[in-house]
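Heads up: the structure comes next, in C-alpha cells.
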Amino acid sequence: MPDALPRDFYARPTLTVARALLGTVLCHRRGGDVLRARIVEVEAYIGERDGACHARAGRTGRTAVMYGPPGHAYVYLVYGMHEMLNVVTETEGRPAAVLVRGAERLAGGALPGPGRLTRALGIDRALDAADLCGQRLWIEAGGLARGERIARSPRIGIDYAGAPWVDKPWRLFVEGSAGGSRAPRATGTRPRG
DNA sequence: TATTTGATTCTT
DNA sequence: AGAATCAAATAT
C-alpha cells in the first residue's frame with residue numbers, strides 16, 4: 001500500500017505540482033472504507049496577482065488556508081451547491097493551490113467535473129484545511145500509463161479574470177480520459193471579444 | 001444592510 | 001438558455 005505523498009511534494013511551484021498530480025490517487029477515509037480515485041484533470045491558481053485566484057482579494061477567512069503551509073486541503077462551496085477541492089502548494093505566505101477537476105474511480109467509473117468528484121468521494125467543507133499528510137484525506141503516488149499524454153488549456157469558468165490571466169493555459173489534463181470534466185470549449189474554440 | 005457574483009451541474 | 005442555491009465580496 002503506497003504512502004501519502006510527503007509535504008515536499010506540495011512545496012514546489014504550483015504548475016510543477018499540478019503536472020505531478022496527474023495520475024496520482026486521491027484518497028478519503030470514510031468510516032471503515034477508503035474511497036480512491038485517480039486524478040486526471042487539475043487547474044493551477046497562483047498568487048494574489050492571478051485574477052482568477054481567490055487570493056486576488058487578499059487574505060480572508062476563506063482563503064486563509066492558501067496562505068498556510070503546503071500539503072493542506074482548501075475546500076469551499078461555489079454556486080451554492082458544489083464543493084471544490086484544492087491542494088495548497090508552494091510555501092507558507094504564498095497563496096497558491098491546485099484545483100482537482102476530474103478523476104477516475106479505480107473500480108472503473110469516471111468522475112468528471114470538480115463538483116461530481118467531491119460529491120462521489122464525500123468531500124466537503126468539513127475537510128477544509130485538512131492536512132494531506134494526515135489520516136483522513138491524502139494523495140498516493142501514481143503515474144501515467146504508457147501512451148497517456150498531458151494536454152493543457154485555459155482554465156474553466158473564470159471569464160471574470162482579466163488579461164492575461166483568463167488565457168493562461170493552467171488547466172492540465174490527461175488527454176482522452178473519461179474522468180475529464182465535460183468543460184465546454186477545451187481550447188480556444190470560443191471566440192472572445 | 002443590500003446586492004451581486006460565482007474555480008458547477010442539471011433541466012428545459 | 002436558465003434554474004438551483006448560498007457564502008463571500010462589493011456596493012450602499
Side-chain angles (χ1 to χ4, degrees), chain A residues 10 13-15 17-19 21-22 26 37 39-68 70 72-90 94-105 109-130 132 137 139 150-174 177-193:
Chain A
Y10 305 99
T14 304
L15 286 170
V17 177
R19 182 183 195 63
L21 279 172
L22 294 176
L26 174 64
I39 296 172
V40 296
E41 182 184 354
V42 297
E43 279 177 2
Y45 290 86
I46 313 175
E48 295 179 340
R49 303 176 60 122
D50 178 359
C53 182
H54 286 173
R56 66 186 179 278
R59 183 178 185 138
T60 67
R62 183 175 62 162
T63 63
V65 64
M66 275 204 288
Y67 287 77
H72 290 253
Y74 166 42
V75 186
Y76 67 92
L77 182 72
V78 73
Y79 296 121
M81 51 179 66
H82 296 295
E83 314 275 349
M84 299 286 110
L85 170 66
N86 299 250
V87 167
V88 176
T89 60
E90 306 206 17
R94 282 185 58 93
V98 175
L99 169 67
V100 182
R101 282 192 63 90
E104 300 169 334
R105 275 197 196 281
L111 302 175
R116 291 171 145 190
L117 163 62
T118 52
R119 188 164 50 113
L121 291 190
I123 293 167
D124 62 20
R125 283 162 291 167
L127 287 165
D128 186 39
L132 295 175
L137 186 67
I139 299 175
I150 294 175
R152 50 198 300 171
S153 84
R155 293 170 290 181
I156 304 302
I158 52 119
D159 284 355
Y160 58 86
W165 311 107
V166 70
D167 292 320
K168 295 281 187 190
W170 289 353
R171 168 175 175 245
L172 307 181
F173 56 100
V174 177
S177 167
S181 70
R182 289 196 280 138
R185 43 199 174 281
T187 11
T189 54
R190 186 179 69 107
R192 211 164 8 128

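The analysis underlying the following values was restricted to heavy atoms, covering all of them including side chains, and did not include hydrogens, waters or symmetry mates. This one's a predicted model, so the numbers in the text were calculated from it and none came from an experiment. Every chain is numbered from 1, with letters handed out A, B, ... down the list of sequences.
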(request) May I ask which nucleotide in the shown strands pairs with B:dA7, Watson-Crick or G-U wobble, both distances under 3.5 Å? (result) none

Measure [atom1]/[X] against [atom2]/[N] and give the value in whole Å, please.
X	N	atom1	atom2	result
A:Arg171	B:dT8	CZ	P	11 Å
A:Tyr160	C:dT10	OH	C1'	15 Å
A:Glu48	C:dA9	CD	C1'	15 Å
A:Arg119	B:dT8	CZ	C1'	11 Å
A:Tyr74	B:dA7	OH	P	8 Å
A:His54	C:dT10	NE2	C1'	15 Å
A:Glu41	B:dA7	CD	P	16 Å
A:Met81	B:dT9	CE	P	11 Å

(message) Between C:dA4 and A:Tyr79, is there a base-stacking contact, meaning the centre of the base's six-membered ring lies under 5.5 Å from the residue's ring centre while the planes stay under 30° apart?
(response) no

(request) Please report the closest heavy-atom contact between A:Ala55 and A:Pro95, naming both atoms and the distance. (result) CB-CB, 3.6 Å

(request) Determine whether more than 12 heavy atoms belonging to other residues, nucleotides or ligands lie under 6.0 Å from atom CZ of A:Arg62. (result) yes

(message) Counting neighbours of CZ on A:Arg56 that are heavy atoms of other residues, nucleotides or ligands and sit closer than 6.0 Å, is the number greater than 12?
(response) yes

(message) Taking atom types as they are modelled, would you say the side chain of A:Tyr76 forms a donor-acceptor pair with the base of C:dA7 within the 3.5 Å cutoff?
(response) no

(message) I'd like to know if A:His82 reaches the base of B:dA7 with its side chain, counting only an N/O donor and acceptor under 3.5 Å.
(response) no

By the 4.0 Å heavy-atom rule, please label [X] as base, sugar-phosphate, or nothing.
X	value
A:Ile158	sugar-phosphate
A:Arg62	sugar-phosphate
A:Arg56	nothing
A:Met84	sugar-phosphate

(message) Can you check the distance between B:dT4 and C:dA3, where both ends of the measurement are the P atom (answer in whole Å)?
(response) 15 Å

(message) Rounding to an integer number of angstrom, what distance separates B:dA2 and C:dT5 when you compare their P atoms?
(response) 23 Å

(message) Nearest 0.5 Å, please: how far is OH in A:Tyr76 from CD in A:Glu83?
(response) 10.5 Å

(request) Could you work out which one of B:dA7, C:dC6, B:dC10 sits closest to the side chain of A:Leu77? (result) C:dC6

(request) Establish, yes or no, whether the cationic atom of A:Arg155 lies under 6.0 Å from the six-membered ring centre of A:Tyr45 and within 45° of the ring axis. (result) yes

